[in-house]
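Per chain, numbering begins at 1; letters A, B, ... match sequence-line order.
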Amino acid sequence: MSDKVDQQAPAKDEKDFILERKERLKKLIEMGIEPYGRKFVRTGTMKEYTDGFEEGKQVTVAGRVMAWRGHGKTVFADLRDRTGKIQIYARKDELGDAVFELFGCIDIGDVVGVSGKLVKTRTGEVTVHVETFTFLSKAMMPLPEKWHGLKDIETRYRQRYLDLITNEDVRAVFMTRTRIVSLIRKFLDDQGYIEVETPMMQALAGGAVAKPFKTHHEALSTDLYLRIAPELFLKRLIVGGLEKVYELNRNFRNEGISRRHNPEFTMLEIYAAYEDYGTMMQLTEDLVVSVCGVLGIDLKTGIPGIDLTTPWRRVSIYDALKEHTGIDFKTCGNVKEAAVKLGVEFDKTAKDHDVVNEIFETCVEKKLVNPTFITDYPIVLCPLAKAKKEDPSVAERFELYVNGQEIANAYSELNDPAIQLENFLRQVEGTGKEIDADYVRALEHGMPPAGGLGIGIDRLVMLLTKQDSIRDVILFPQLKPEKKEC
RNA sequence: GGGCCGCUAGCUCAUCUGGUAGAGCACCACCCUUUUAAGGUGGCUGUGCUGAGUUCGAGUCUCAGGCGGCUCACCA
């Protein structure tokens with residue numbers, strides 16, 4: 001479909017309407033008019049004037065021409081900015097023949113600035129009665145269809161600007177994303193957390209298990225990896241005494257792309273010294289409740305089919321499994337036999353706890369619609385977490401599931417360097433991979449007990465904006481590059 | 001990587017079983033001094049994703065490729 005997308009096609013292929021627009025552009029230039037304008041001082045936004053209408057108020061606004069309704073000696077047009085839409089109205093008898101003709105050189109899609117008085121038409125629509133106008137940017141390309149908008153999914157992602165111009169709901173989603181991110185920062189800042197930035201390029205891609213992207217630094221003559229998680233660096237800062245830190249930024253994982261996975265995605269990681277995973281559970285609830293409050297999302301009814309009312313359910317992974325499979329895996333003698341019976345596929349060489357995890361993902365995960373904290377993960381699945389005092393076989397850890405997908409992951413951080421070293425060594429056994437020895441060294445200097453939390457921001461935004469695909473909450477999702485035509 | 005589905009005008013979509021493509025919007029011309037999916041009259045618009053094959057004839061059938069979507073696999 002690459003030919004559907006404009007890419008500076010040679011002149012011979014240009015459509016009539018583009019040639020016509022180029023002609024008009026030439027005409028403007030010949031008249032000494034700049035088709036691509038300069039700094040333009042506005043007195044306010046569309047929303048300010050449509051919401052707070054004042055008859056006769058002199059205003060200057062700027063925006064993109066979205067619709068054009070000519071009536072012979074008058075013209076109505078719609079101008080849109082980031083905040084909304086306002087109608088403009090021009091009359092030949094007021095502007096004069098020459099100026100009115102110039103006004104007629106405006107095409108749909110152009111960015112223009114207009115000055116005039118605010119009036120209401122007889123149907124009550126707030127309108128700028130145009131006295132002067134300025135070309136700010138002539139559009140050479142036509143806009144997508146005004147009524148149906150831009151639907152083609154590929155074009156929407158590849159030419160997101162068209163999607164944003166045309167589809168108001170898309171714009172709203174991304175405005176909401178921006179607000180969510182900024183509200184989260186404010187929430188954490190207000191609680192004394194400090195935002196830090198740790199390396200995106202790491203010699204060892206640690207803190208999670210995922211295939212990293214590899215790159216190379218010439219001057220250091222060394223291979224580096226794009227980070228798969230900031231965790232190990234953030235905890236070094238806990239060792240360093242920063243006590244309450246967070247980082248809200250990109251992670252990169254060189255794995256499959258799907259409705260729920262983008263190679264680069266935004267992760268929030270939070271660490272608090274002297275706390276534990278219980279604190280993080282509370283923090284997770286508080287954070288979501290706070291964000292919903294500001295956004296005006298009712299916890300009970302705001303997201304159809306999902307009840308966000310706190311406190312959220314807390315259930316151990318074994319109880320959740322029992323509930324959905326009828327099998328108690330804590331006492332179950334033959335896990336693999338149970339998996340076969342449940343129709344869950346697994347690697348024959350996998351260990352029992354991996355199979356249990358597999359069963360959880362297949363049989364339970366999708367059914368966790370309302371927010372649910374799953375706790376008591378087998379400690380072997382959590383090499384960076386502290387074991388429960390009363391039951392060392394499970395970790396002080398939870399994962400939060402909402403709408404069948406994992407949104408957050410947290411634990412009481414393991415701060416025993418000896419156990420950490422053991423866990424690392426067990427992890428890399430037989431893989432030929434290196435362990436992060438400096439992280440162990442950092443722990444040897446003493447890390448206060450701490451709670452750590454990771455929240456997938458894209459997935460949180462998906463939830464709060466009711467989007468089914470991660471691509472609809474990422475402005476420029478990763479796609480195959482367009483094929484260049486030769 | 002596997003399976004299924006999609007790709008037709010700038011955009012949104014039609015084109016039943018094979019007979020060389022249409023509508024609306026946009027665009028162009030003319031008319032129209034409060035319209036708002038403005039209206040009226042007339043007009044222009046195509047590499048039917050690409051390539052090969054079958055056929056007298058392919059947008060339509062077959063094969064290969066491209067891009068996308070969903071899904072499975074992968075994925076702490």
- request: Answer yes or no: are there more than 12 heavy-atom neighbours, outside Glu255(A) itself, under 6.0 Å from its atom CD?
  value: yes
task: Report the base-pairing partner of C4(B) (Watson-Crick or G-U wobble, both distances below 3.5 angstrom), or none.
output: G69(B)
- request: To the nearest Å, give me how far apart NE2 (His148(A)) and P (A26(B)) are.
  value: 12 Å
message: Which nucleotide wins on minimum distance to the side chain of Val209(A), given the candidates C11(B), U12(B), A76(B)?
response: A76(B)
- request: Counting Watson-Crick and G-U wobble pairs only, both distances under 3.5 Å, name the nucleotide matched with A29(B), or none.
  value: U41(B)
query: How close or far is atom P of G10(B) from atom CD of Gln159(A), stated in whole angstroms?
result: 13 Å
query: Looking just at side-chain N and O atoms, do Thr166(A) and Arg156(A) make a donor-acceptor pair shorter than 3.5 Å?
result: no
- prompt: Looking only at atom P, what distance separates C7(B) and C16(B), rounded to whole Å?
  reply: 13 Å
message: When the P atoms of G18(B) and A52(B) are compared, how many Å lie between them, rounded to an integer?
response: 23 Å
query: Watson-Crick or G-U wobble partner for A9(B), using a 3.5 Å limit on both distances?
result: none
field: N-O pairing of Arg64(A) and Asp110(A) below 4.0 Å
entry: no
- prompt: Counting only side-chain N and O atoms of Arg471(A), is one of them less than 4.0 Å from OP1 or OP2 of G69(B)?
  reply: yes
field: Asp354(A)/Lys336(A) salt bridge by N-O under 4.0 Å criterion
entry: no
- request: State whether Lys73(A) and Asp93(A) are salt-bridged, where the test is any N-O pair (Lys NZ or Arg NE/NH1/NH2 against Asp/Glu carboxylate O) under 4.0 Å.
  value: no
query: Is it true that Asp416(A) and Lys386(A) have a side-chain N and a carboxylate O under 4.0 angstrom from each other?
result: no
- prompt: Mapping Arg397(A) and Tyr157(A) to their closest nucleotides on RNA chain B, which lands nearer the 5' end?
  reply: Tyr157(A)
- request: Please find out if less than 6.0 Å separates the ring center of Phe329(A) from that of Tyr318(A).
  value: no
task: Find the partner of U62(B): check Watson-Crick (N1-N3 plus N6-O4 or O6-N4) and G-U wobble (N1-O2, O6-N3) distances, both under 3.5 Å, and reply none if neither fits.
output: A52(B)
query: Taking the same atom, C1', in C25(B) and in G19(B), what whole-Å distance lies between them?
result: 30 Å
message: Determine whether the aromatic ring centres of residues Phe133(A) and Phe103(A) are separated by less than 6.0 angstrom.
response: yes
field: Pairwise P distance for G3(B) and A64(B), with rounding to whole Å
entry: 10 Å
message: Can you tell me if Arg158(A) touches the phosphate of G68(B), counting only side-chain N or O atoms and a distance under 4.0 Å to OP1 or OP2?
response: yes
Flag for Asn403(A)-Arg459(A): side-chain donor and acceptor within less than 3.5 Å: no
task: Starting at atom NZ of Lys151(A), determine the distance to atom P of C7(B), rounded to an integer number of angstrom.
output: 15 Å
- prompt: Below 4.0 angstrom, N of the basic side chain to O of the carboxylate: do Arg313(A) and Glu323(A) qualify?
  reply: yes
field: Separation of atom CD in Glu145(A) from atom P in G24(B), rounded to whole Å
entry: 12 Å
Rounded distance (Å) that lies between atom P of A76(B) and atom OH of Tyr377(A): 13 Å
- prompt: Atom CZ of Arg156(A) to atom C1' of G10(B): distance rounded to whole Å?
  reply: 18 Å
Toward the 5' end of RNA chain B, by each residue's nearest nucleotide, Glu361(A) or Ser469(A): Ser469(A)
task: Could you please name the partner base of U17(B), counting Watson-Crick and G-U wobble pairs only when both distances are under 3.5 Å?
output: none
- prompt: Salt bridge check: are Lys330(A) and Asp391(A) linked by an N-O gap of less than 4.0 Å?
  reply: yes
What's touching nucleotides 71-74 of chain B from the protein side, N or O pairs under 3.5 Å?
unit_1, atom_1, unit_2, atom_2, d
U71(B), OP1, Arg259(A), NE, 2.9
U71(B), OP1, Arg259(A), NH2, 3.0
U71(B), OP2, Arg259(A), NE, 2.8

query: Do Lys235(A) and Glu413(A) sit within salt-bridge range, that is, some charged N less than 4.0 Å from a carboxylate O?
result: yes
message: Can you check the distance between A23(B) and G43(B), where both ends of the measurement are the P atom (answer in whole Å)?
response: 11 Å
task: Compute whether any side-chain donor of one residue and acceptor of the other, for Arg177(A) and Thr266(A), lie under 3.5 angstrom apart.
output: yes
field: Rounded distance in Å between the P positions of G1(B) and A9(B)
entry: 28 Å
message: Generate the contact string for nucleotides 27-35 of chain B. Rules: B means base contact, S means sugar-phosphate contact only, - means no protein heavy atom under 4.0 Å.
response: SS---BBBB
- request: Could you give the distance separating A37(B) and C44(B) at their C1' atoms, to the nearest angstrom?
  value: 22 Å
query: With under 30° as parallel and over 60° as perpendicular, where do the rings of Trp312(A) and Phe373(A) fit, or are they tilted in between?
result: tilted
- request: Look at all strands and tell whether Leu143(A) reaches a base, only sugar-phosphate, or nothing, counting heavy atoms closer than 4.0 Å.
  value: nothing
What pairs of nitrogen or oxygen atoms, one from the protein and one from nucleotides 1-3 of chain B, lie under 3.5 Å apart?
none

message: I'd like the P distance from C4(B) over to G46(B), given in whole Å.
response: 36 Å
